[in-house]
Structures are given as structure tokens and as C-alpha cells.
There are 2 protein chains.
Amino acid sequence: MSLPHALLTSLLEQPCSGMDLARRFGRSIGFFWPATHQQIYKELGKLEAAGWVRSTAEEGARGRKRCYEVLPAGEQELKRWVAEADDPPPLRDAMMVRLRAEAALGTGAGVENDLLHRLARHRTQLALYEDIEQRDFTGRELSAAEQLQYLILQSGLATEREHIRFCEKALALLEALEPAES
Amino acid sequence: MSLPHALLTSLLEQPCSGMDLARRFGRSIGFFWPATHQQIYKELGKLEAAGWVRSTAEEGARGRKRCYEVLPAGEQELKRWVAEADDPPPLRDAMMVRLRAEAALGTGAGVENDLLHRLARHRTQLALYEDIEQRDFTGRELSAAEQLQYLILQSGLATEREHIRFCEKALALLEALEPAES
DNA sequence: TCCTTTTATGCAATTAGTTGCATCTTTATA
DNA sequence: TATAAAGATGCAACTAATTGCATAAAAGGA
């Protein structure tokens, strides 16, 4: 479970409120560890109780906005956790199950719907990553931290491209196997 | 949630008991939808209650072994589900969070441990997939169903190779960024 | 024959994440 | 100045999966 450490990382990059975190998650760390604002608020409470962050009320802001920042104990904890190793996350992909089901049922069961839907999603996501690449990591010298962030982005780019290749390949195979369907 | 449909698929390929399913999951569908025997037994109960499978006591076997087989209603349900589309599963990878944390903390925090650990795991998994490829899908004509199963395996092969490439690239970058560490 | 091991099935507690809703505060608008 | 909208925080119920343990029946060995 890495949500607490994802939050510590994000707050270390830039102290902010729970809502801000939720928004930033949507376009950076959240690509690799999605979280809703509900989860984030609950977790921030735990982090503060553990003495890893502290919060101060932000005057002149909307609602009851609180600003969170990482304490030394939190930074220590993050360092400890970074040096840990664990197994790759188990992968669960319904589309692979669908493909195998199509094989078991005999072709023509309609897995193309899912393949086409995902193809569209992966193309959108790839375009988003390419925009970020163009905007933040192209045409200038990168600091060490930026090189690492770019590396992470490259993982996203490679993954999306691989998914796109796979969907296209699968659709081509299905086309070849059931020429009467189209 | 695709466990019920993964079970229907596997039972359609070959009727068997819950324990057999658990074992088969370990080396086929389970690569893309892992499940423990506890989950499987509970789900089989639901499938039977829904009238999608039926079970018969297997005489002359150990324990209280029951053999499950898919009923027509179950096959209908599987067909219906195969034609559905849904979003790609959200990806959650602690190692990416670690890399970003390393960037925020300044290099030297020790993310190499996780990279090396995963590199080993992905190499093992790749070797396993390559064995299956060699044994089941090489040097002969493949039926339509087999071509689909091979396609799924190829996704696994590509994914593992991509992960390996990424770990190697990340380790090389870290090496370059902190030459004093090694 | 008793006792241990193996095979097979299953329950219960916990954890992490999702979804839907509730509340409070400020800002904009009619 | 009411009132609505938007911003910010949070609770509660539910779901899916993990982990640890319990039970039952047959096989094999002493």
C-alpha cells in the first residue's frame, strides 16, 4: 500500500491542501497511483496522527482549506520506504479474460468491442503523455530530478504504445480468423 | 469484476473441481486474473446459485471433491459479457512512486533495491512464458483457439520484456546520476 | 489400527479502494 | 440581500481481494 508514500512525495515536491493534492494526482503521480479525494483526506489524517506531516489553516481561502507539509519524521519514513523492494503488482486485465473466453466459445463472441474501446483510450492517454513530454522535457537541459521524472513518463509512453500495438494485432488476428463477420 | 467469467471460461475449456481450477489458474488464466482457492470456492457457490454452473460429487476421489460444469445459461452469460467493453484497469505501481520519491528526496535513497528485485522477477516470468511458447505454440499449425491463446501469451511476453528494458534503463540512469554511489 | 499427511473445501477478519452522499464556507449572481 | 454555485472537507456503505485459520475425507506409513 503506497498511498501514504505517494502523498509524502507529492507534499515534499510542494506543500498544499488535500484538494490540491487530488488535482495534482490527476496529472502526475496519479498516473501510477490513482486516488480519490476521499481516500486522500482520510490518509492525510493518518499521516498527521503519525507525526509525518503537519497542517495549518490557510486564511483567506475558500472552505476550511488546510495546507499540509512534510515533517522530518515523514521524510525519514519516505527514505526508509524507498529503499524497500516488493514484487511487481499482480496484473488483472479483463480483456485478456475476454480473449480467452472468445477462444473457448468459438470466435464471433464480440471481443472486438472491448479492443476498439481500449484502443481509443490508449491512444488518448498516449497523446496526453506526448503532450507532457513535449511541454516539460523537450529542448533543454534536465536536472537530475527531471531526468528521473522523464524516465517515469517514458515508462507510461512505452506502456501505452505497447497496448496500442497489442490491440491492433489482436483486431487483425480476429479479422483474419472470422472474415465473414466484418 | 471478472472472476466469475474467468471461472466460466476455464470450466468451459475443461470441467473440473475448485482445487483443479485453483491449480490451473496458477499457470494460464491466472497470469491475467490471479485468484486464491478461497476466492474460487466462494465464487463457484455464487455461480451455482445463479444457475450458471452445476456440480456433481466426484466418487472415488479424496475429500469432498465436486466437479463443476458450465450450464447453457452460464455460456449465455459469458457470451453477453465478452461483448461488453470497459476501461483499461487503473495501474498502480509502487516502484514508479519510489522513483518519483527518489527524485524528490535527491538521489541516493536506494530505489535500486526495488529495481533489481523486479528485474529478477520479470526475467523469471519471461523465462516461464518463453517455456510455454516453446512447448505449446512452436513448430506446428495452430487452431483458431490456439492462435488466440498464443496472442494472449505474446502480450505477456511483450509486457515482461518491456519491464525488463525499463528496469535496465532506470538502473543505468541512476548509475550515471550518482557515480559515487557504486 | 492409529496417526500423520495430503487433498479438498470453506469460514472469518481485515484491508484497500470505490461510490454516493453530507456539510460547511466563500464567491458570484439575480 | 437572499440564493445559488463552486470550492473544500469528510462520513458511511459497499465491494473485491488478501490472509489466516478450520474442517473433512481419504491415503499412506508405523
Side-chain angles (χ1 to χ4, degrees), chain A residues 1-7 10-11 15-26 29-50 53-68 81 86-94 97, chain B residues 1-7 10-11 15-26 29-50 53-68 81 86-94 97:
Chain A
M1 215 274 290
S2 332
L3 179 57
H5 302 96
L7 293 175
S10 199
L11 288 175
C16 66
S17 71
M19 185 56 44
D20 294 334
L21 274 174
R23 273 192 284 264
R24 276 160 50 187
F25 258 58
I29 283 194
F31 291 138
F32 300 100
W33 204 279
T36 61
H37 68 97
Q38 291 95 328
Q39 261 182 296
I40 290 172
Y41 285 121
K42 203 198 308 180
E43 202 59 47
L44 282 173
K46 289 186 195 169
L47 293 184
E48 189 158 28
V53 303
R54 78 190 168 104
S55 69
T56 48
E58 218 172 82
E59 299 304 327
R62 297 195 166 203
R64 313 161 261 189
K65 195 168 187 173
R66 304 191 64 75
C67 180
Y68 287 84
W81 177 80
D86 48 32
D87 289 345
L91 75 91
R92 282 205 170 75
D93 190 339
V97 179
Chain B
M1 214 276 290
S2 331
L3 180 57
H5 302 95
L7 293 174
S10 198
L11 288 175
C16 65
S17 71
M19 184 58 42
D20 294 335
L21 273 174
R23 274 193 283 265
R24 276 161 50 186
F25 258 58
I29 283 193
F31 291 138
F32 300 99
W33 204 279
T36 60
H37 67 97
Q38 291 95 328
Q39 260 183 297
I40 290 171
Y41 285 120
K42 202 197 310 178
E43 202 60 45
L44 283 173
K46 290 187 195 168
L47 293 184
E48 188 157 27
V53 302
R54 80 189 165 103
S55 69
T56 49
E58 218 171 80
E59 300 303 326
R62 296 192 169 206
R64 315 160 262 189
K65 194 168 186 173
R66 305 191 63 77
C67 180
Y68 287 84
W81 177 81
D86 48 30
D87 290 344
L91 76 91
R92 283 206 170 75
D93 191 339
V97 180

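So you know, we letter chains A, B, ... as the sequences are listed, proteins then strands, and number each from 1. Please read these numbers as outputs of a predicted model, since none were measured by experiment.
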Original post:
What is the distance, rounded to the nearest whole Å, between atom NE2 of A:His37 and atom C1' of C:dA22?
Top reply: 11 Å
Original post:
CG of B:Leu21 versus C1' of C:dG10: gap in Å, rounded?
Top reply: 15 Å
**OP:** Would you please name every residue forming a salt bridge (Lys or Arg N to Asp or Glu O under 4.0 Å) with A:Asp20, sequence neighbours left out?
**Re:** A:Arg23, A:Lys65
**OP:** Go through the side-chain N and O atoms of B:Glu48 and B:Ser55 and say whether any donor and acceptor fall under 3.5 Å apart.
**Re:** yes
**OP:** Step through the shown structure and confirm whether more than 12 heavy atoms of other residues, nucleotides or ligands are within 6.0 Å of CZ on B:Arg54.
**Re:** no
Original post:
Can you tell me if the side-chain N/O atoms of B:Arg23 get under 4.0 Å from OP1 or OP2 in C:dA8?
Top reply: yes
Original post:
Once you round it to whole Å, what is the distance between C1' of C:dA8 and CD of B:Glu58?
Top reply: 11 Å
**OP:** Run the numbers on B:Leu44 and B:Leu21 for side chain to side chain contact (heavy atoms under 4.5 Å, CB included), then give the verdict.
**Re:** CA-CA 10 Å; B:Leu44 283 173; B:Leu21 273 174; 4.0 Å; yes
**OP:** Please state how far atom CZ in B:Arg66 lies from atom P in D:dA26, giving the value in whole angstrom units.
**Re:** 14 Å
Original post:
How many Å lie between CG on A:Leu44 and C1' on D:dC11, as a whole number?
Top reply: 16 Å
Original post:
Which letters describe nucleotides 12-19 of chain D, given B = protein heavy atom under 4.0 Å from base, S = only from sugar-phosphate, - = neither?
Top reply: ----SSBB
Original post:
Within this structure, what is the CG-to-P distance between B:Leu47 and C:dG10, rounded to whole angstrom?
Top reply: 13 Å
Original post:
If you measure from OG on B:Ser2 to CG on B:Asp86, what distance do you get to the nearest 0.5 Å?
Top reply: 7.0 Å
Subject >> Between C:dG10 (P) and B:Glu43 (CD): distance, integer Å >> reply: 13 Å
Original post:
If you measure from CG on B:Leu7 to CD on B:Glu43, what distance do you get to the nearest 0.5 Å?
Top reply: 6.5 Å
Subject >> Short side-chain N/O contact to C:dG10 OP1/OP2 from B:Tyr41, under 4.0 Å >> reply: no
Subject >> Value in whole Å for how far the C1' atom of D:dA25 lies from CE of B:Met19 >> reply: 13 Å
